Protein chains: 2
Amino acid sequence: MPTPAESVGSLATVARTTVDVEPLLEALRASGAKITTARRAVLEECARAEADHLSAEELTERVQARYPEVHLSTVYRTLELLERAGLLTRVHVNDGPAAYHFTADAHHHAVCDRCGRVIELPAAFFRPVTRKLEVDYGFVASPTHLTVTGTCASCV
Amino acid sequence: MPTPAESVGSLATVARTTVDVEPLLEALRASGAKITTARRAVLEECARAEADHLSAEELTERVQARYPEVHLSTVYRTLELLERAGLLTRVHVNDGPAAYHFTADAHHHAVCDRCGRVIELPAAFFRPVTRKLEVDYGFVASPTHLTVTGTCASCV
DNA sequence: CTTGATGCAAATGGTTTGCATGTTT
DNA sequence: AAACATGCAAACCATTTGCATCAAG
């Protein structure tokens with residue numbers, strides 16, 4: 001498990017742990033899936049994108065820069081596989097296409113109604129509320145997908 | 001001209017404040033919009049649905065029970081108008097169609113990943129977190145649209 | 001060599017739009 | 001009468017699927 005404490009000290013934004021795709025591929029293989037060019041490439045592009053949340057189409061473009069024969073529909077199938085495997089998390093920040101990021105890189109989103117800007121919030125941010133959810137309703141909130149809409153500082 | 005107020009609610013089913021559509025229509029008119037059969041009917045069906053979150057298509061079916069000529073695309077246009085006017089709030093609980101409810105009836109949603117069940121949470125539930133959002137990020141959370149995903153009590 | 005993965009094209013589902021016509025103000 | 005709203009069909013966009021072929025195990 002990646003410790004959030006790894007981003008110690010620095011004043012910079014998010015010191016994000018660079019994801020190594022090999023263990024992920026290994027996990028896939030262990031689950032009976034075959035390792036293909038497309039699957040490796042999709043994971044690598046996700047790793048390269050780091051903080052960005054890429055849509056299936058954006059991901060396809062980037063993958064095709066190296067492997068032009070990889071088809072959009074394959075990327076969709078790959079993303080579905082990776083999501084079911086728990087490696088990627090799908091996120092709907094606004095209307096339009098879904099976006100993906102590594103599940104291990106847990107965080108939430110605050111999306112501005114006006115400018116569309118997305119603020120990433122640390123996973124722990126919603127702790128008080130999710131605990132209350134569990135106590136009051138027996139509902140166990142996912143630590144990786146929570147979206148608030150509202151108005152960001154520069155749009156108020 | 002549509003049928004006037006038949007909203008003399010007896011037979012009360014839900015413990016929710018019954019919404020009176022007349023003031024809402026008045027607000028619309030005040031903003032320069034014209035009052036039409038479709039607009040009145042959409043608001044009335046929203047009021048009748050109370051707790052349910054209806055999609056554009058469901059809403060259209062219900063409206064058509066009384067006014068068969070009202071077209072799906074008109075309902076979409078009406079919903080967009082009502083949302084822009086701040087009267088309705090659009091919500092994406094899961095994949096599939098968006099759903100709508102009165103903005104005045106503020107609440108949030110906890111959606112179960114497994115069974116799709118939707119728990120409605122009181123508007124005040126997220127208070128501590130939204131305040132922190134404002135303090136830390138200057139982000140003013142909308143009081144009407146916040147969705148948590150996770151696993152509900154009966155699916156754990 | 002067997003099973004699963006891919007490319008492609010065509011279908012799908014939700015939503016939007018162009019335009020001629022009809023309705024509200 | 002002017003401005004706006006509607007019905008309808010057709011376009012649109014993100015995503016999914018059927019099927020013949022191909023590659024990983």
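These figures come from a predicted structure and were not determined experimentally. Lettering follows sequence order; numbering is per chain, from 1. Below, all heavy atoms of this structure are taken into account, side chains as well, without hydrogens, waters or symmetry copies.
B:Asp136 meets the side-chain contact (heavy atoms from CB on, under 4.5 Å) test with A:Phe125, B:Lys132; sequence neighbours excluded. With sequence neighbours excluded, the residues forming a side chain to side chain donor-acceptor pair (under 3.5 Å) with A:His53 are A:His107, A:His109, listed by chain and number. B:Ala106 is linked by a side-chain contact (heavy atoms from CB on, under 4.5 Å) to B:Ala123, B:Thr144, counting only residues two or more places apart in sequence or in another chain.
The interatomic distance linking B:Glu83 (CD) with C:dT15 (P) rounds to 11 Å, in whole Å. If you measure from atom NE2 of B:His71 to atom C1' of C:dG22, you get 15 Å, rounded to the nearest angstrom. Rounded to an integer number of Å, the gap from A:Tyr76 OH to C:dG13 C1' is 13 Å. If you take OH of A:Tyr67 and P of C:dG7, they are 13 Å apart, rounded to a whole angstrom. In this structure, the CG atom of B:Leu59 is 15 Å from the C1' atom of C:dG14, given to the nearest Å. Spacing between atom CG of B:Leu72 and atom P of C:dT17 amounts to 14 Å, rounded to whole angstrom units. Whole-Å rounding puts the A:Arg40 CZ to C:dA5 P distance at 15 Å. The nearest whole Å value for the distance from the CD atom in A:Glu69 to the P atom in C:dT6 is 11 Å.
Between A:Tyr76 and the options A:Thr74, A:Thr78, A:Leu72, a side chain to side chain contact (heavy atoms under 4.5 Å, CB included) holds for only A:Leu72.
Taking 4.0 Å as the cutoff to heavy atoms of chain B, we find the contact window on DNA chain D bounded by D:dA3 to D:dC8.
Nearest heavy-atom pair, B:Gly138 versus A:Val156, reported as atom, atom and distance to 0.1 Å: O-CG2, 4.2 Å. Among all heavy-atom pairs drawn from A:Arg62 and A:Ala49, the shortest one is NH1-CB, 4.2 Å. Of all the heavy atoms in B:Val75 and B:Ala56, the pair that sits closest is CG1-O, 3.8 Å.
Residues of residues 86-100 of chain A having a heavy atom closer than 4.0 Å to DNA chain D, listed by number: A:Pro97, A:Ala98.
Comment: A:Arg39 does not engage A:Glu44 in a salt bridge, judged by the lack of any side-chain N to carboxylate O separation of less than 4.0 angstrom. For the pair B:Arg90 and B:Glu80, the salt-bridge criterion is not met [side-chain N within less than 4.0 Å of a carboxylate O]. Checked for salt-bridge contact, B:Glu26 and B:Arg29 meet the test: a charged N lies under 4.0 Å from a carboxylate O. Ion pairing between a basic and an acidic side chain is recognised when a charged N comes within 4.0 Å of a carboxylate O; A:Glu45 and A:Arg40 show no such pairing.
Looking at the side chain of A:Ser73, the nearest of the listed nucleotides C:dG7, C:dG14, C:dT17 is C:dG7.
Heavy atoms of A:Ser55 sit nowhere under 4.0 angstrom from any nucleic acid atom.
Here the side chain of B:Thr103 pairs a donor or acceptor atom with the backbone of B:Leu87 at under 3.5 angstrom.
In this model, the phosphate group of C:dA5 is approached by a side-chain N or O of A:Arg39 to a distance below 4.0 Å at OP1 or OP2. The phosphate of C:dG7 has OP1 or OP2 within less than 4.0 Å of a side-chain N or O from A:Thr74.
Nearest-nucleotide assignment on DNA chain C puts the 5′-proximal partner with A:Ala38, out of B:Ala56 and A:Ala38. Residue-to-nucleotide proximity on DNA chain C shows that, of A:Val70 and B:Glu80, the 5′-proximal contact is made by A:Val70.
Over its full length, the helix from C:dC1-D:dG25 to C:dG14-D:dC12 turns its helical axis through 30°, comparing axes from the five pairs at each end and rounding to 10°.
The base of C:dT3 sits with one of its N or O atoms less than 3.5 Å from a complementary donor or acceptor on the side chain of A:Lys34.
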